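Working notes, structure below.
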Number of protein chains: 2
Amino acid sequence: MQMKTGVEQAVYATFMLSFLPDKAVLPGEVISQRIGASPTYFQKLLRKLVSADLITSVAGVKGGFKLQRRPEQISVYDIYIAIEGQQSLYTSNGIIQDMLHISPTTQCCLLSDLMAEAESAWITVLKKETIASLVQKFHTATYEQEIDSFHRWLEEKTVY
Amino acid sequence: MQMKTGVEQAVYATFMLSFLPDKAVLPGEVISQRIGASPTYFQKLLRKLVSADLITSVAGVKGGFKLQRRPEQISVYDIYIAIEGQQSLYTSNGIIQDMLHISPTTQCCLLSDLMAEAESAWITVLKKETIASLVQKFHTATYEQEIDSFHRWLEEKTVY
DNA sequence: GTACTTTTACTCGGATACCGTCTGTCCGAGTAATTATGG
DNA sequence: CCATAATTACTCGGACAGACGGTATCCGAGTAAAAGTAC
């Protein structure tokens, strides 16, 4: 039970796109290269973000990806759902129905409520962090030189 | 990212054992049969619970499993850890280090703190529910007839 | 110089292969209660 | 009747096969900007 690495990659891809100026885009291969992911597979992740209306895509030459919403309106939870899907962390297997010889259609799982509550607490934390708040934390980091270098690289790769 | 079914099975196995009288045990195959799991694989789960000191085992004829601690002292979280292991839900892949070209040994993941907080909130909920509290909820259910039937079956299979 | 065609650089989506993990099965070994055997 | 041996019913732990999902790769199709071409 581990979170997919794709979620982390998607978060940082969205994070990266948040630095783009308006109307500018970044090709998928550029993003994947900087993140260190396999280009073709990473494009699938980007398309999941597109389907979730978190980013948009521009086809053709000078095409690429850019944010669809403002960074304050994209939470880590949004990205998590876009990549992992909406299935919950726990789904009952109806074991207690087996134990008591009750019809499987009956709703009486002792764990479902608990697990739902636990997942809700987990989600709450993921919802309160947005791309914008991540950027804020990023700038308080002590890596000004690397951040500058990153910004220069980004500007070089940006497509207008 | 879904919880293993083994966790649910282990919870109900522990739950089942909590109804045993002192000194009595229940063979692993009896438990697995009632839960509807494959006997040989389920024994592996039981042994994980033994390793975690949640239950104890008795070898030989008239052997089986019984609780090691009192039901109030076995939380759902204990069982979860026993089955899934202690690895956390999220482990950083060092993507931001790749992005910024920083040494991978550097600790600067923007997500780690958030994910740790989220997991902590999740764990808190799982810790507060114990086998004892599950039994309590169980008895408030409206399946008195099935519960009676279950108790009779259990007594029949109990090994003293 | 304008209209048209070709090239180029992207996204899009399906098909497929790889690989690690969870699940399931088999086997031999150890253990202890029961039963059988021998005197 | 008692001591010892064999049987039985369990747990224990390793080895291994199958299924599934996440990861990765390839390919053809669509799209739009840029470049080339014809008149």
Side-chain angles (χ1 to χ4, degrees), chain A residues 1-10 13 17 23-33 35-52 54-66 68 80 82-85 87 89-91 93 95 157-160, chain B residues 1-10 13 17 23-33 35-52 54-66 68 80 82-85 87 89-91 93 95 157-160:
Chain A
M1 190 190 184
Q2 278 243 215
M3 177 175 272
K4 303 180 195 175
T5 68
V7 175
E8 185 180 355
Q9 294 173 331
L17 292 179
K23 305 286 180 184
V25 298
L26 209 57
E29 192 171 348
V30 171
I31 307 174
S32 69
Q33 193 175 352
I35 284 187
S38 73
T40 53
Y41 175 64
F42 192 71
Q43 294 259 354
K44 293 190 186 305
L45 297 182
L46 289 174
R47 263 180 281 128
K48 285 187 178 182
L49 295 179
V50 172
S51 299
L54 301 180
I55 68 178
T56 54
S57 60
V58 177
V61 177
K62 294 205 172 185
F65 298 89
K66 64 181 175 184
Q68 165 79 338
Y80 162 76
I83 302 299
E84 296 249 0
Q87 60 186 354
L89 297 182
Y90 166 82
T91 52
N93 297 97
I95 294 176
K157 298 292 186 181
T158 300
V159 179
Y160 296 93
Chain B
M1 190 189 186
Q2 277 243 222
M3 177 174 273
K4 303 180 196 174
T5 68
V7 174
E8 184 180 355
Q9 294 173 332
L17 291 179
K23 305 288 180 183
V25 298
L26 209 57
E29 192 171 347
V30 170
I31 307 174
S32 69
Q33 194 175 352
I35 284 187
S38 73
T40 52
Y41 177 64
F42 191 72
Q43 295 258 355
K44 293 189 186 306
L45 298 181
L46 289 175
R47 263 180 284 128
K48 285 187 177 181
L49 296 179
V50 171
S51 298
L54 302 180
I55 67 178
T56 54
S57 60
V58 176
V61 177
K62 293 205 172 187
F65 299 89
K66 63 182 176 184
Q68 164 81 338
Y80 162 76
I83 301 298
E84 296 249 0
Q87 60 186 353
L89 297 181
Y90 167 81
T91 52
N93 296 98
I95 294 176
K157 297 292 186 182
T158 300
V159 179
Y160 295 94

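Chain letters run A, B, ... following the sequence lines, proteins first, then strands; residues in each count from 1. Everything quoted here is computed from the prediction, not taken from an experiment.
Residue contacts shown for A/Thr40 include a base, since a base heavy atom lies under 4.0 Å away. Nucleic acid contact class of A/Val159 (heavy atoms, under 4.0 Å, all strands): none.
Considering every non-hydrogen atom in both A/Leu46 and A/Ala13, the closest pair reads CD2-CB, 4.2 Å. Taking each heavy atom of A/Phe65 and A/Leu17 in turn, the nearest pair found is O-CD2, 3.5 Å. Contact between A/Lys62 and A/Val25 at its shortest, heavy atoms only, is O-CG2, 3.6 Å.
Between the CD atom of B/Glu84 and the CE atom of B/Met3 there is a distance of 5.5 Å, given to the nearest 0.5 Å. To the nearest 0.5 Å, atom CD of residue A/Gln9 and atom CG of residue B/Asn93 are 7.0 Å apart.
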Practice prompt. With side chain to side chain contact (heavy atoms under 4.5 Å, CB included) as the test, would you mind laying out the steps for B/Met1 and B/Leu89 before giving the verdict?
Written response: CA-CA 9 Å; B/Met1 190 189 186; B/Leu89 297 181; 3.9 Å; yes
Worksheet item: Yes or no on side chain to side chain contact (heavy atoms under 4.5 Å, CB included) for B/Thr5 and A/Ile95, after CA distance, side-chain angles and deciding distance?
Response: CA-CA 10 Å; B/Thr5 68; A/Ile95 294 176; 5.9 Å; no
Practice prompt. Mind running side chain to side chain contact (heavy atoms under 4.5 Å, CB included) on A/Val7 and A/Leu45 for me, showing each step along the way?
Written response: CA-CA 9 Å; A/Val7 175; A/Leu45 297 182; over 6 Å; no
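For DNA chain C, the neighbouring residues in residues 41-48 of chain B, judged by any heavy atom under 4.0 Å, are B/Tyr41, B/Lys44.
A/Phe65 has its CZ atom 17 Å from the P atom of C/dA9, to the nearest Å.
Looking at which nucleotide of DNA chain C each of A/Val58 and B/Gln87 is closest to, the 5′-most match is held by A/Val58. Ranked by how close their nearest DNA chain D nucleotide is to the 5' end, A/Gly6 and B/Gly63 are led by B/Gly63.
For DNA chain D, the outermost nucleotides in 5' to 3' order that have an atom under 4.0 Å from a heavy atom of chain B are D/dT8 to D/dA15.
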